[in-house]
**Student:** 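Structure in structure tokens, see below.
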Amino acid sequence: MSPNFQIPKIQKAAIVEATDAPLKLVDNHPVRQPSELKPGECLVRLECSGVCHTDLHARKGDWPSPAKLPLIGGHEGVGLIVAIGEHTQDSPVKLGDRVGIKWLAYSCLDCEQCRKGLEQSCPNNLCSGFTTDGTFSQYVVSWVRHVTPIPENLESFEAASILCAGVTVYRALKYSQAHIGDWIALPGAGGGLGHLAIQYATSMGLRVVAIDTGEEKRKLCEQLGAEKWVDFRESKDIVKDIIAATDGQGAHSAVVTAATGAAYAQAVDYLRNGGTLMVVGLPAHASLSADIFYTVTKSISILGSYVGNRQDAREALEIASRGKVKCFFQRRTLAELTETYEGLERGEIVGRIVLDMQD
Ligand code: 8ID
Ligand code: ZN
């Protein structure tokens, strides 16, 4: 416990009280006090938080796995550690450190998945803004072993969305089996995950065909380095257009970050023989259907990719800190979270929204 930080008793927070209920904005939500923290826990005073489409899924309760209720969403937070639970041993972070809160808030670090670096799939995990309260409040409780140190030369608002969107697409690209010079198809390219995927992909030397809709998203995708653009609303034949855009042979890999099942429908068809489909976007009530004959005869790999581990987070941030990847975001306040969800639902958010948590 530090004498340096004044910790208030109450704070602003956006609360989901019941599945699909409107957000309740309050300014008197209790702040967990330093004396109430368990060993291994820390209290972070948030500066900002990105808003991910996952937060909207959590509010709506449209995934097969339920969120805690009542719930404070949010998992792209950056702030300062203002307290650490008494009797915490060997903490890798200290008071005053600037850290990130990502989706994976806690894992046991001892099960087979954790030992193998697949901690995001730890059966005992806790996820920020889903199974433990997240970053849409001014203070959040997290775990010293899982918060992510933010590189000094990366501004907090720039870092926020790297903690989910950035890490997720960085890892998906890493496992996409795409090599320098290969074509990568990115359905959802104009959204939060997608616009960062364009930049990580071009940094890896990949050639990007961006798939999304509307002039604003087209411009952003092209500015960020996409060589080809297919508008999924305008195209009469998406498979044909993507194959034509990729030297007539199809993309070597696809990282699907669209939040709709439709974006998966043709992926196997526009992949080149030997191609890889990275399953990232998590549309509600959707299942993946791929023609078995062509999956086999085209030697297609289909891989699920779930956020990233602590090492992926550090790598994704380090790349951003070197200026290779830059989040395109608009600043808003917590009071504007409801309209942000509405914008996400309508597919109108270009890049990301990052909330100023002290405003
Ligand atoms: O670990 C994971 N796998 C992970 C991590 C983080 C987020 C998965 N996600 C999931 C989210 O839960 C969500 O389902 O990825 C999805 C995308 O998250 P996001 O990038 O935060 O959402 P967004 O900003 O709304 O972007 C989605 C984009 O998809 C486009 C939209 O226009 C938007 O720009 N899109 C849609 I909707 N349908 C499309 C289609 N058929 C499409 N783009 C191409 N083709
Ligand atoms: Zn997310």
Side-chain angles (χ1 to χ4, degrees), residues 49-60 62-63 65 67 73-77 100-105 118 120-121 127-130 134-135 160-173 175 185-198 209-214 216-218 220-221 229-235 238-239 241-242 254-267 270 278-286 303-309 312-313 316 327-330 340-354:
S49 175
V51 184
C52 179
H53 205 114
T54 290
D55 300 314
L56 175 60
H57 292 300
R59 186 191 70 71
K60 291 169 73 178
D62 65 14
W63 284 345
S65 149
H75 56 275
E76 290 188 347
I101 309 291
K102 53 184 172 46
W103 177 249
L104 191 72
L118 201 62
Q120 60 275 44
S121 296
C127 301
S128 312
F130 199 67
T135 57
S161 293
I162 305 298
L163 289 154
C164 175
V167 175
T168 301
V169 297
Y170 169 67
R171 182 178 171 101
L173 286 162
Y175 288 89
L186 299 176
L193 269 65
H195 89 287
L196 294 171
I198 296 174
V209 48
I211 303 122
D212 211 309
T213 191
E216 230 186 315
K217 289 184 182 170
R218 179 186 67 76
L220 178 67
C221 292
W229 164 259
V230 176
D231 188 313
F232 73 86
R233 287 221 174 98
E234 308 270 301
S235 171
I238 291 188
V239 173
D241 288 349
I242 296 176
V255 175
V256 179
T257 63
T260 160
Y264 284 100
Q266 310 97 339
Y270 61 64
M278 299 305 290
V279 179
V280 174
L282 288 161
H285 318 293
L303 302 175
S305 191
Y306 186 30
V307 288
N309 60 23
D312 296 316
C327 184
F328 178 86
F329 66 92
Q330 193 196 327
T340 302
Y341 281 162
E342 288 164 1
L344 279 172
E345 183 124 53
R346 290 194 296 264
E348 286 169 4
I349 308 284
V350 181
R352 237 341 169 225
I353 300 295
V354 180

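Read the numbers this way: they start at 1 and go in the same order the structure lists the ligands and their atoms. All heavy atoms count here, side chains included; hydrogens, waters and symmetry mates do not. In this chain, numbering begins with 1 at the start of the sequence shown.
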**Student:** Can you tell me if I349 contacts ligand 1 (heavy atom of the residue under 4.0 Å from the ligand)?
**Tutor:**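 Under 4.0 Å: no for I349.
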
**Student:** For the residue pair Y306 and W103, does the interplanar ring angle fall in the parallel (under 30°), tilted (30 to 60°) or perpendicular (over 60°) class?
**Tutor:**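 Perpendicular, since the angle between the ring planes exceeds 60°.
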
**Student:** Which residue holds the protein heavy atom closest to atom 13 (C) of ligand 1, what is that atom called, and what is the gap in Å?
**Tutor:**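 Scanning the protein heavy atoms, the shortest distance from atom 13 (C) of ligand 1 goes to H57 NE2, 3.6 Å.
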
**Student:** For a quick test of reading the model, state the closest non-hydrogen atom pair linking T135 to S49 and the distance between them.
**Tutor:** OG1-OG, 2.7 Å

**Student:** Considering only non-hydrogen protein atoms, determine which one is nearest to atom 21 (O) of ligand 1 and report residue, atom name and distance to 0.1 Å.
**Tutor:** R352 NH1, 2.7 Å

**Student:** Does any non-hydrogen side-chain atom of T54 lie less than 4.5 Å from one of W63?
**Tutor:**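 With C-beta onward as the side chain, the pair touches.
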
**Student:** Mark up the atoms of ligand 1 that fall under 4.0 Å of a heavy atom belonging to L344, in ascending order.
**Tutor:**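 Reading through ligand 1 atom by atom, the close ones are 24 (O), 25 (O).
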
**Student:** Quick check: are there more than 12 heavy atoms from other residues, nucleotides or ligands sitting under 6.0 Å from CD of E348?
**Tutor:** yes

**Student:** What residue among T168, V280, V279 forms side chain to side chain contact (heavy atoms under 4.5 Å, CB included) with T257?
**Tutor:** V280

**Student:** Does C164 approach ligand 1 within less than 4.0 angstrom via side chain, backbone, both or neither, non-hydrogen atoms only?
**Tutor:** side chain

**Student:** Please determine whether the number of non-hydrogen atoms from other residues, nucleotides or ligands lying under 6.0 Å from atom CZ of R233 exceeds 12.
**Tutor:** no

**Student:** Any atoms of ligand 1 less than 4.0 Å from a non-hydrogen atom of W63? List them with their elements.
**Tutor:** 12 (O)

**Student:** Please work out, at 4.0 Å between heavy atoms, whether the side chain, the backbone, both, or neither of Y264 comes within that distance of ligand 1.
**Tutor:**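 Neither; no heavy atom under 4.0 Å.
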
**Student:** Can you report which non-hydrogen protein atom sits closest to atom 42 (C) of ligand 1, along with the distance?
**Tutor:**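 Protein heavy atom at minimum distance: F232 CE2, 3.4 Å.
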
**Student:** Mind checking whether T168 contacts ligand 1 via backbone (N, CA, C, O), side chain (CB onward), both or neither, at a 4.0 Å heavy-atom cut-off?
**Tutor:**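 The side chain, only.
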
**Student:** Flag V307 as yes when one of its N or O atoms lies below 3.5 Å from any N or O atom of ligand 1, and as no otherwise.
**Tutor:** yes

**Student:** Just let me know how Y306 lines up against ligand 1, side chain, backbone, both or neither, with a heavy-atom cut-off below 4.0 Å.
**Tutor:** both

**Student:** Can you sort out which atoms of ligand 1 are near A263, meaning under 4.0 Å from one of its heavy atoms?
**Tutor:**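 The atoms of ligand 1 under 4.0 Å from a heavy atom of A263 are 40 (C), 41 (N), 45 (N).
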
**Student:** Would you indicate whether the side-chain heavy atoms of N309 and Q120 approach each other to under 4.5 Å?
**Tutor:** yes

**Student:** Kindly identify the option in L193, T213, V279 whose heavy atom sits closest to atom 20 (O) of ligand 1.
**Tutor:** L193

**Student:** Which atoms from ligand 1 have a heavy atom of G191 less than 4.0 Å away?
**Tutor:**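 So the atoms of ligand 1 that pass are 24 (O), 26 (O), 34 (O).
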
**Student:** Any N or O of L282 that comes nearer than 3.5 Å to an N or O of ligand 1?
**Tutor:** yes

**Student:** Minimum heavy-atom separation for L196 and C327, please, with both atom names.
**Tutor:**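 L196 and C327 have their closest heavy atoms at CD2-CA, 3.8 Å.
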
**Student:** Looking at the Zn ion (ligand 2), is one of the N, O or S atoms of H75 less than 2.8 Å from it?
**Tutor:** yes

**Student:** Please report the closest heavy-atom contact between L220 and G190, naming both atoms and the distance.
**Tutor:**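 Minimum heavy-atom contact is CD2-O, 4.5 Å.
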
**Student:** What protein heavy atom lies closest to atom 38 (N) of ligand 1? Include the residue and the distance to one decimal.
**Tutor:** T260 CG2, 2.7 Å

**Student:** Among all protein heavy atoms in this structure, tell me which lies nearest to atom 23 (P) of ligand 1, with the distance rounded to 0.1 Å.
**Tutor:**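 Nearest protein contact, heavy atoms only, for atom 23 (P) of ligand 1 is H53 ND1, 3.7 Å.
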
**Student:** Might you work through the side-chain hydrogen bond (donor to acceptor under 3.5 Å, both in side chains) test for H285 and D62, ending with a clear yes or no?
**Tutor:** CA-CA 7 Å; H285 318 293; D62 65 14; 5.8 Å; no

**Student:** Give me the nearest non-hydrogen protein atom to atom 43 (N) of ligand 1 as residue plus atom name, then the distance to 0.1 Å.
**Tutor:**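 Answer, as residue, atom name and distance: G188 N, 3.1 Å.
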
**Student:** A side-chain contact here means heavy atoms from C-beta on lying under 4.5 Å apart; do D212 and F232 qualify?
**Tutor:**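 Side-chain contact under 4.5 Å: yes.
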
**Student:** Atom 9 (N) of ligand 1: which of I211, T54, D231, V51 has the nearest heavy atom?
**Tutor:**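 The nearest heavy atom belongs to T54.
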
**Student:** Please work out whether any backbone atom (N, CA, C, O) or any side-chain heavy atom from C-beta onward of V280 is under 4.0 Å from ligand 1, and answer side chain, backbone, both or neither.
**Tutor:** both

**Student:** Please verify whether a non-hydrogen atom of K217 lies at under 4.0 Å from ligand 1.
**Tutor:** yes

**Student:** For atom 34 (O) of ligand 1, grab the closest protein heavy atom and report residue, atom and distance to one decimal in Å.
**Tutor:**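 Among all protein heavy atoms, the one nearest atom 34 (O) of ligand 1 is D212 OD2, 2.7 Å.
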
**Student:** Once you round to the nearest 0.5 Å, how far does CG of L282 lie from OG1 of T260?
**Tutor:** 12.5 Å

**Student:** Report yes or no: does S128 contribute a side-chain atom to a donor-acceptor pair with the main-chain N or O of H75 at less than 3.5 Å?
**Tutor:** no

**Student:** Would you confirm whether E76, through its side chain, and C52, through its main-chain N or O, come within 3.5 Å as a donor-acceptor pair?
**Tutor:** no

**Student:** List the closest protein heavy-atom neighbour of atom 17 (C) of ligand 1: residue, atom name, distance to the nearest 0.1 Å.
**Tutor:**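 Heavy-atom neighbour on the protein nearest atom 17 (C) of ligand 1: T257 O, 2.9 Å.
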
**Student:** Counting C-beta onward and ignoring hydrogens, is there a side-chain heavy-atom pair between L56 and E342 closer than 4.5 Å?
**Tutor:**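 L56 vs E342: side chains apart.
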
**Student:** Go through ligand 1 atom by atom and flag the ones less than 4.0 Å from a non-hydrogen atom of A259.
**Tutor:** 13 (C), 14 (O)

